[in-house]
There are 2 protein chains.
Amino acid sequence: MAASDSLDAPAGTAGQLSRGDIPVMRRASLREQVRQAVEELIVFGKLAPGEHLAEESLAELLGVSRQPVREALQSLSVAGFVDLRAGRGAFVHEPTAREAREVFHVRALLESDSCRLAAQNVDDDGVRRLEAIYTQGHEASQRNEDPRRLIELNRAFHRAITEIGANRVSLALLADLERRAGWYLATIITNRAPSSWAEHRAILDAIAARDADLAGDLMLNHIDHSRELLEFTGQ
Amino acid sequence: MAASDSLDAPAGTAGQLSRGDIPVMRRASLREQVRQAVEELIVFGKLAPGEHLAEESLAELLGVSRQPVREALQSLSVAGFVDLRAGRGAFVHEPTAREAREVFHVRALLESDSCRLAAQNVDDDGVRRLEAIYTQGHEASQRNEDPRRLIELNRAFHRAITEIGANRVSLALLADLERRAGWYLATIITNRAPSSWAEHRAILDAIAARDADLAGDLMLNHIDHSRELLEFTGQ
DNA sequence: GTCATCCATACTGCATACAGTATGGAGCGA
DNA sequence: TCGCTCCATACTGTATGCAGTATGGATGAC
């Protein structure tokens, strides 16, 4: 890391340091902390779909004033976790099976494209990074480790590909879609497909071979295939 | 419309009316009005990229308090029109050529998919609606009408297809992307391709024939093709 | 003249205050 | 018993107040 290099240098030659090289713990804004807290409450089911989120009571619960709570709720509204009814306030969004399918569909589109881009942009270092995650995931999967770890590794693999694809707009959209998808998985989706590391292997090979079309098609099938295995409650 | 039907009915039988059938002018919230006002100021170049948007002065300019301005700025930040720097406030976002390309790319992806869905979902009424817009656009284009009307018709055609495609998640994302794209077109893009109604004709035919794959491919080429004709300033 | 330090300024982020409105139930009449 | 009206309540939307911090220029040291 550049910062530690500079720290190793003799005192007085710290001029190489640039802004942010030595970050200090800067507490995130209250509205951001509130946002994360409320999102977790929703994702973990502590706040049920349809529930009215009164600003005052939420503020008291979290030990802050209404203001940051308001702003957090508006942000969560954009992300699809709550609905704002004019004059009524915020209510926990009630996801439908249709909506879940749509989110997964769009996610498949964007990830497939990112995968295509990744195959075009990837360098040897990127391939090594993917290999490392794949090995971890493959082994963890075969050893039947903790499901949460498996999910985490699965996400890591997908995110790494998206980052190599390097379309920041797509990256930002996918971040939101993934969090929504995670919520759906935790609530209205009763049965999820196991992540297939055999398919991941094929995708990785296509990327390593810089075969963009193949990589994109494989990823599309990979996600759409798993989507068909999902079972939705309701609708 | 259901409302007028009911209004034609004899007095006293108004029980058929349901919520919202007779909407009254309900002023949008201040934060929403501020949001739109500031977005227009940015899109029309009244506020230059990089400019600092101080809450107080904006509030005074618009005749409201800081509160709705704050909330509007946060909303505009999510939409990509302003950047929020912690402790510094809001600055008009400075779009790059790369970012513009990425937005157009993602837009092409989503619209192409919507087009595919449209070809699967469309009914005869939908085809007629597209035909009507096409005819208008084609003729207006041949008569070389006001560029703003041409742009409007072009948008109408694309939006109609997206609506027939009926993926609401995609629809919402595209609405945002289109507004960003409009801004880029107005600022950093110096030369835009004329909308091709010949290509629109082919897309419409594919939808009418319910040929989803062809429709999707045509739309992808249509947008990606026009993207290549764009010339960007900077970067 | 150059550089570091200090401070006045301006503005954000959060808290509080106030006015207006949606809502559900009590009360009243049929 | 049923339905309408009216009102108390609770909560949102907006305004204002206050404390903390980033910034740029003035001031002084070298």
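Quick note on labels: first sequence line is chain A, next is B, and so on, each numbered from 1. Predicted model only: the values in this text are computed from it and were never measured.
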A.B. asks: Which of the following nucleotides, D:dT16, D:dG13, C:dC11, is nearest to the side chain of B:Arg31?
C.D. replies: D:dG13
A.B. asks: Taking only N and O in the side chain of A:His52, is any of them less than 4.0 Å away from OP1 or OP2 of D:dA10?
C.D. replies: no
A.B. asks: Would you say the base of D:dG13 and the side-chain of A:Arg66 have a donor-acceptor pair closer than 3.5 Å?
C.D. replies: yes
A.B. asks: Select base, sugar-phosphate, or nothing to describe what B:Leu53 touches, counting heavy atoms under 4.0 Å on all strands.
C.D. replies: sugar-phosphate
A.B. asks: Check step by step if side-chain hydrogen bond (donor to acceptor under 3.5 Å, both in side chains) holds for A:Glu99 and A:His93.
C.D. replies: CA-CA 11 Å; A:Glu99 183 186 340; A:His93 179 65; 2.8 Å; yes
A.B. asks: Taking CZ from A:Phe91 and C1' from D:dA10, how many angstroms apart are they, rounded to a whole number?
C.D. replies: 12 Å
A.B. asks: May I ask you to check whether A:Gln74 and B:Gln74 show a side-chain donor-acceptor distance below 3.5 Å?
C.D. replies: no
A.B. asks: Evaluate B:Asn167 against B:Ser114 for side-chain contact (heavy atoms from CB on, under 4.5 Å), listing each step before the verdict.
C.D. replies: CA-CA 7 Å; B:Asn167 180 322; B:Ser114 291; 5.5 Å; no
A.B. asks: Between atom CZ of A:Arg31 and atom CZ of A:Arg70, what is the distance when rounded to the nearest 0.5 Å?
C.D. replies: 13.5 Å
A.B. asks: Where is the tightest heavy-atom contact between B:Ala37 and B:Leu62, given as atom of each residue plus distance?
C.D. replies: CB-CD2, 4.3 Å
A.B. asks: What's the CD-C1' distance between A:Glu32 and C:dT12, to the nearest Å?
C.D. replies: 17 Å
A.B. asks: Between atom CZ in A:Arg70 and atom P in C:dT16, what is the gap in whole Å?
C.D. replies: 16 Å
A.B. asks: Quantified as the angle between the terminal helix axes (five pairs each), what is the overall bend of the helix from C:dG1-D:dC30 to C:dA30-D:dT1 to 10 degrees?
C.D. replies: 0°
A.B. asks: Does the side chain of B:Gln36 pick up a donor-acceptor pair with the side chain of B:Glu32 at under 3.5 Å?
C.D. replies: yes
A.B. asks: Taking only side-chain nitrogens and oxygens of B:Arg88, does any of them come within less than 4.0 Å of OP1 or OP2 of D:dT23?
C.D. replies: yes
A.B. asks: For A:Ser65 and B:Gly89, take the nucleotide of DNA chain C holding the closest heavy atom to each; which residue's nucleotide lies nearer the 5' end?
C.D. replies: B:Gly89
